[in-house]
Q: 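Next up is a structure, given as structure tokens.
Treat the numbers as computed from the prediction; the structure is a model and nothing was measured.
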Amino acid sequence: VFGRQQRSKADCLHLVDLVLDLMKDAVIREGQLKIAGFGVFDVRHKHDRRGRNPQTGDEITITSRKVLKFKASHILKDKINSQV
């Protein structure tokens, strides 16, 4: 797959899908995924909280859930800021 020959678009899409599946599995299994020079994906738990229905103004309870948070590495941040 990583040779010097040209790859079809379908092959490239398949490879990207494989990598993304591996990343998803790692986040689900470990709760965190670190990619050197890029950043960290981290699963966080949000507790129940009070909120309001924006249409009616009624108070509601927003149930607890897990959210995925991303924090960029300082290398990525530096590269982005140097492009200004």
Side-chain angles (χ1 to χ4, degrees):
V1 174
F2 295 102
R4 287 197 165 261
Q5 63 186 358
Q6 290 277 336
R7 299 291 174 197
S8 71
K9 185 176 180 179
D11 287 343
C12 294
L13 289 173
H14 179 69
L15 183 60
V16 170
D17 284 342
L18 278 172
V19 170
L20 291 175
D21 285 342
L22 288 171
M23 290 171 64
K24 286 185 261 185
D25 291 344
V27 169
I28 291 167
R29 187 178 57 252
E30 303 295 327
Q32 186 181 68
L33 173 65
K34 292 182 184 180
I35 303 173
F38 188 71
V40 179
F41 293 91
D42 195 18
V43 176
R44 299 279 174 100
H45 181 79
K46 285 190 151 193
H47 296 285
D48 289 348
R49 61 188 173 95
R50 294 222 178 258
R52 290 201 179 275
N53 180 331
Q55 293 178 339
T56 63
D58 293 341
E59 206 171 270
I60 58 171
T61 299
I62 300 170
T63 57
S64 64
R65 64 193 184 282
K66 293 179 182 178
V67 295
L68 186 63
K69 186 173 180 171
F70 174 74
K71 183 175 180 187
S73 74
H74 71 284
I75 295 169
L76 179 59
K77 288 178 186 178
D78 291 345
K79 229 179 196 4
I80 291 169
N81 287 320
S82 69
Q83 298 296 317
V84 176

Q: In Å, rounded to the nearest 0.5 Å, how long is the span from CD1 of Ile62 to CZ of Arg50?
A: 10.5 Å
Q: Can you find a pair of side-chain heavy atoms, one from Met23 and one from Ile35, that are under 4.5 Å apart?
A: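 Met23 reaches Ile35 side chain to side chain.
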Q: Nearest 0.5 Å please: distance from the CG atom of Leu15 over to the CG atom of Leu20.
A: 9.5 Å
Q: Are the side chains of Ile80 and Leu76 in contact, using a 4.5 Å heavy-atom criterion?
A: yes
Q: May I ask you to decide if Gln32's main-chain N or O and Asp42's side chain share a donor-acceptor pair within less than 3.5 Å?
A: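 No, the answer is negative, given that no donor and acceptor are paired below the 3.5 Å cut-off.
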Q: Determine, using the 4.5 Å side-chain heavy-atom cutoff (strictly less than), whether Phe38 and Leu33 are members of one ILVMFWY cluster.
A: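 Linked within one cluster.
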Q: Could you tell me whether the side chain of Ile60 reaches within less than 4.5 Å of the side chain of Arg52, counting heavy atoms only?
A: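 Side-chain contact under 4.5 Å: no.
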Q: Return each pair, listed once, that meets side-chain hydrogen bond (donor to acceptor under 3.5 Å, both in side chains) where at least one residue sits in residues 20-30; pairs must be two or more places apart or across chains.
A: Asp21-Lys24
Q: Which heavy atom of Leu68 sits nearest a heavy atom of Val43, and at what distance?
A: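 The pair with the smallest heavy-atom distance is CD1-CG2, 4.1 Å.
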Q: Would you kindly confirm whether Phe41 and Val19 end up in one hydrophobic cluster when ILVMFWY residues are joined by side chain heavy atoms under 4.5 Å apart?
A: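 Linked, Phe41 and Val19 end up in one cluster.
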Q: Above 12 or not: heavy atoms from other molecules or residues under 6.0 Å from NE2 of His45?
A: yes
Q: What are the two closest heavy atoms between Arg7 and Cys12, and how far apart are they?
A: CB-SG, 3.9 Å
